Q: 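Please read through the structure below; I'll follow up with questions.
Quick caveat, the model's predicted, so the values are computed rather than measured.
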Number of protein chains: 2
Amino acid sequence: MEVKELKDKNAEVKILDAARKIFLEKGLAGARMQDIANEACLNKALLHYYYRSKEKLFQTIFQDELLNFFNNMQEIMNAPITLFEKIELLVAKEIDTMNSCPRLPIFIMNELTQDPDSCLMKMKNMEMHKLYAKFRNEVVAEIEKGTIKKVNPDHLFLNLLAMTGYPFMAKPVVQGLFELNEDGYSDFIEQHKKDVSKFIIDSLIPIPN
Amino acid sequence: MEVKELKDKNAEVKILDAARKIFLEKGLAGARMQDIANEACLNKALLHYYYRSKEKLFQTIFQDELLNFFNNMQEIMNAPITLFEKIELLVAKEIDTMNSCPRLPIFIMNELTQDPDSCLMKMKNMEMHKLYAKFRNEVVAEIEKGTIKKVNPDHLFLNLLAMTGYPFMAKPVVQGLFELNEDGYSDFIEQHKKDVSKFIIDSLIPIPN
DNA sequence: TGCGGCCTTAACCAAATGGTTAAACCATGG
DNA sequence: CCATGGTTTAACCATTTGGTTAAGGCCGCA
């Protein structure tokens, strides 16, 4: 029985891993069930045995990746650290996550764009807004204390997400624009991590009188 | 002859317009030739008559949109205005362009990700790097004059692109996060336009002694 | 060893999809 | 008024694709 369970799990996991890879690479519309089966070294019928349809399999993967995508945020938002530390951590961890899976952000955003209604629902379910409210409140509090400049927290947070996510979504453009090969791109991203933190935090430090 | 030419153009243009709409909406893999034909109120065979294949039709559209996407940059980079004015103009015009076609950036980036090799080639053809070099040189010059802080022009420029492009690419997330309906989103983007310019320019102004 | 139930697969199916073709259409010029 | 050229269409075709099924395999168990 143990051996069988192991095998089961392996089959299911193999499918999931393969599906993740193919869907991330080609998106829902571009992915073929046969590609996933090949990637998993399994028969196509297996996919339908474990997951009823392409759509179901996709939703399984997508839900997972969406959580993955916003996971760091959850942790960091609730950590007992200063605002500046939160910003630094958010930037660093977000970039690290994407570095380990560069197609994640463009995949997520593209599929969400294809089906924005389900997006709003999912984000409600994940209580994204409540999560973000913590950040916003802290920014407002710091402004009232006078420890940071008066800025709009919404735009601040969006800019943070933008500067961390965009370099991955626009990877080919970045490589073309700055004439970077793969190694050069990696180095660039590593610099970018520090640059973004500094950029944001500098923008918040009040002008000394 | 005039009438026929008019008709010709109308048919070709109708196909192109329809294709643009469908491809932008669903991407290359998700778009169906029949969808395009329906959208254009024409027979599917017409598409193949004017453009040999789906791939050819797509390339026509894509090349066009890529130019459209980087068009503002070209103009503004060469204008005889100050660096700060260039930054303001870049942000404003880039956002205006995307506002009139919100799916453009995610479409471009997603398709480029699907085929990064052709991306590098296209960007070489468009001399993007030469175009960007103008901006970089101006930043370096201003730094040497001491009129702006010492910053890395590459990251500065990437951040500019990121903050302008990301809000459109991540539109569903932005709407979910800040609980915005369509009107609220439009207003938010309009604020964002000003916010980003200010954010960048403030980050460049040297700290007064 | 053989029974029984879950796994796995090759073969198959219907629908969708990109693409072709041959015939009809239609304005123009002789 | 017909011949001619490009233009438009309905019907058709081959392949791909998501999905099904029925037969066999494998494993623990008696």
Q: Going by side-chain hydrogen bond (donor to acceptor under 3.5 Å, both in side chains), name the residues that satisfy it together with B:Gln74, two or more places apart in sequence or in a different chain.
A: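 Partners of B:Gln74 by the side-chain hydrogen bond (donor to acceptor under 3.5 Å, both in side chains) criterion come out as none, since no residue qualifies.
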
Q: Tell me whether the OP1 or OP2 atom of C:dT9 has a side-chain N or O from A:Tyr49 closer than 4.0 Å.
A: no

Q: For a quick check under 3.5 Å, do A:Glu25 and B:Gln114 share a side-chain donor-acceptor pair by atom type?
A: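 There is no such pair between these side chains.
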
Q: Is the phosphate of C:dT8 approached by A:Tyr50 (side-chain N or O, under 4.0 Å from OP1 or OP2)?
A: yes

Q: Can you confirm whether A:Ser203 sits close enough to A:Val151 that some side-chain heavy atom of one is under 4.5 Å from a side-chain heavy atom of the other?
A: no

Q: How many angstroms lie between atom CD of A:Glu12 and atom CG of A:Leu46, to the nearest 0.5 angstrom?
A: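 Here the rounded value is 10.0 Å.
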
Q: Quick check on the helix from C:dT1-D:dA30 to C:dG30-D:dC1: what's the angle between its two end axes, five base pairs per end, to the nearest 10°?
A: 20°

Q: Can you sort out the partners of A:Leu161 under side-chain contact (heavy atoms from CB on, under 4.5 Å), two or more places apart, ordered by chain and number?
A: A:Phe157, B:Tyr166, B:Leu177

Q: What pairs meet the side chain to side chain donor-acceptor pair (under 3.5 Å) rule with one or both residues in residues 97-112 of chain B, with sequence neighbours excluded?
A: B:Asn72-B:Thr97

Q: Within this structure, what is the CG-to-P distance between B:Asn38 and D:dA10, rounded to whole angstrom?
A: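 Rounded to whole Å, this separation is 12 Å.
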
Q: Distance check needed: C:dG19 P versus B:Phe58 CZ, whole Å only.
A: 14 Å

Q: Determine, for nucleotides 16-22 of chain D in 5'-to-3' order, which nucleotides have protein heavy atoms under 4.0 Å from the base (write B), from only the sugar-phosphate (write S), or from neither (write -).
A: -SBBBB-

Q: B:Asp17: what forms a side-chain contact (heavy atoms from CB on, under 4.5 Å) with it, not counting sequence neighbours?
A: B:Val13, B:Arg20

Q: Start with the C-alpha distance between B:Tyr132 and A:Phe178, add both sets of side-chain angles, then the distance that settles ring pair (Phe, Tyr, Trp, His ring centres under 6.0 Å), and finish with yes or no.
A: CA-CA 8 Å; B:Tyr132 166 64; A:Phe178 304 133; 5.0 Å; yes

